[in-house]
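Just follow the structure's listing: the first ligand is 1, and inside any ligand the first atom is 1. Here the structure is a predicted model, which means the values were calculated and not measured.
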Amino acid sequence: MKRRKVGVIGAGFVGATTAQRLAERNVADVGLVDIMEGIPQGKALDLEEAGPVVGYGARVSGSQSYDVLAGSEVVVITAGMPRKPGMTRDDLLKKNAEIVGGVVDQVKKVAPDCVLVVVSNPLDAMTYLAYKRTGWPRERVIGMAGVLDSARFRSFIAMELGVSLRDVQAMVLGGHGDTMVPVARYATVSGIPITELLPKEAIDRMTQRTRDGGVEIVNLLKTGSAYYAPSASVVSMVESILLDEKRVMPCCVSLKGEYNLKDVFVGVPVVLGGKGVEKVIEVKLSADEQKALEASAAHVRETCAALDRVTAA
Ligand code: APR
């Protein structure tokens, strides 16, 4: 059987941890690219040297050249500037648009058939940029946000109830930012709706903490932003694609009328398989939830319009 390969662009905190998790799960070789001279090479070698101890055989190659991505079935884009304290995701727009735009042009050349998973922020706008710039079908250009936001929501529910993190399921829809929509009605603990287990006050508090989840980590770290949960989230998506697992995960995709939204990138539940997004799942939303999703989509549209302006300038 042919060896599988996953490309990771950006060998910073999120990218390098993604490469580590992929190698440790032994599902694919990894090609790691960064503009910083020596960084992807050093981290790739370090990861290979961990293989004999941890017990994986995945090969990891690092380079400034995109050639190491040749043959990648999935490419993860983490290149960019991380958010600093006091900086909103939208402040990053212009800088990261230049970075991600350049990266996408290179990926298109070396891995023209891959599924792209975008992680760089502001997430929804960067996914839109990658979609426009590649001209690929929406199935192959996916943003990672919902899995992370849902993981945060799930953790807060588990902490509040004092139950295992593993038993909590929950879904966060919408854009990756202050307008995201944690849907408490669909959150469960081993199948029990959390609305049966927690008062509204506690649910509202956790919903807000989820919206502020990224900022909470930034404020604690002072320099840099979260990377353990982001890399774990992206790896779960990559695995579902590589292994054709058809997992149902909230992902940022271009909507074509689902949820009454068209030509906008927001997080919705999808089936992730070998072809990328194989299906968008439309769940029934209450009037308030639908209103919140539409407001979130409107915010994403504004950011994408701003992106069009800054990239045209
Ligand atoms: N090509 C390749 N790599 C680049 C480029 C480029 N044009 N520009 C920047 N990089 C690299 C940087 O050299 C750095 O190693 O991207 C990496 C980013 O890593 P970090 O600064 O450690 O940031 P990280 O915490 O990994 O976050 C990356 O993911 O979650 C999002 O908001 C976060 O947009 C940010 C991204």
Side-chain angles (χ1 to χ4, degrees), residues 7-22 31-44 46-47 61-69 72 75-111 116-130 133 142-149 151-152 175-178 180 213-235 237-238 252 267 303 307 311:
V8 179
I9 324 286
F13 284 101
V14 178
T17 316
T18 298
Q20 178 191 353
R21 292 191 190 282
L22 286 168
L32 189 60
V33 173
D34 199 288
I35 41 163
M36 297 277 285
E37 203 60 47
I39 298 291
Q41 287 88 342
K43 293 194 181 182
D46 197 8
L47 279 169
S61 343
S63 180
Q64 274 66 61
S65 159
Y66 282 75
D67 292 348
V68 290
L69 298 190
S72 295
V75 173
V76 178
I77 302 183
T78 77
M81 267 179 61
R83 201 154 39 120
K84 309 246 165 68
M87 204 176 174
T88 69
R89 287 191 178 89
D90 292 356
D91 288 338
L92 286 176
L93 191 61
K94 192 172 176 8
K95 185 77 204 135
N96 280 352
E98 285 164 12
I99 295 173
V100 172
V103 165
V104 166
D105 291 345
Q106 296 298 322
V107 173
K108 240 180 113 168
K109 289 187 209 151
V110 290
L116 257 188
V117 181
V118 179
V119 181
S120 309
N121 274 313
L123 190 274
D124 311 280
M126 291 304 125
T127 312
Y128 160 74
L129 174 75
R133 203 95 166 207
I142 314 166
M144 187 294 289
V147 177
L148 169 63
D149 296 328
R152 288 182 173 145
H176 184 52
D178 305 336
M180 71 178 73
V215 175
E216 185 176 1
I217 304 275
V218 169
N219 288 341
L220 287 167
L221 295 179
K222 308 277 189 307
T223 55
S225 49
Y227 55 99
Y228 291 120
S231 57
S233 302
V234 78
V235 166
M237 288 171 63
V238 170
C252 172
T303 313
L307 178 121
T311 49

Inset, instruction - Please report the shortest heavy-atom distance between Ser225 and Val218, naming the atom on each side. - result: CB-CG2, 3.7 Å
Legend entry - Side-chain donor/acceptor of Arg21 to backbone N/O of Tyr228, under 3.5 Å: yes
Inset, instruction - Taking all non-hydrogen atoms of both residues into account, name the closest pair between Leu47 and Ala16 and its distance. - result: CD1-O, 4.4 Å
Legend entry - Option of least heavy-atom distance to atom 8 (N) of ligand 1 (set: Ile99, Asn96, Val76, Thr223): Ile99
Inset, instruction - Taking all non-hydrogen atoms of both residues into account, name the closest pair between Asn96 and Met126 and its distance. - result: O-SD, 3.6 Å
Inset, instruction - Would you confirm whether Thr78, through its side chain, and Ile9, through its main-chain N or O, come within 3.5 Å as a donor-acceptor pair? - result: yes
Legend entry - Under 3.5 Å: donor-acceptor pair, side chain of Lys43, backbone of Ala11: yes
Legend entry - N or O contact, Phe13 vs ligand 1, cut-off under 3.5 Å: yes
Legend entry - contact_flag Ile35 ligand 1 heavy-atom lt 4.0 Å: yes
Inset, instruction - Please answer whether the main-chain N or O of Asp34 pairs with a side-chain N or O of Gln64 as donor and acceptor at a distance below 3.5 Å. - result: yes
Legend entry - Asn121, Val218, Val118: member with heavy atom nearest to atom 34 (O) of ligand 1: Asn121
Legend entry - Atoms in ligand 1 with a heavy atom of Thr78 nearer than 4.0 Å: 28 (C), 36 (C)
Legend entry - Best match, Gly15, Gly80, Ala11: closest heavy atom to atom 18 (C) of ligand 1: Gly80
Inset, instruction - Just jot down the ligand 1 atoms closer than 4.0 angstrom to any heavy atom of Gly12, in number order. - result: 15 (O), 17 (C), 19 (O), 20 (P), 22 (O), 26 (O)
Inset, instruction - Find all atoms of ligand 1 within a distance of less than 4.0 Å from any non-hydrogen atom belonging to Met36, and give their numbers and elements. - result: 13 (O)
Legend entry - Numbering as shown, the atoms of ligand 1 that approach Met81 to under 4.0 Å (heavy-atom distance): 34 (O), 35 (C)
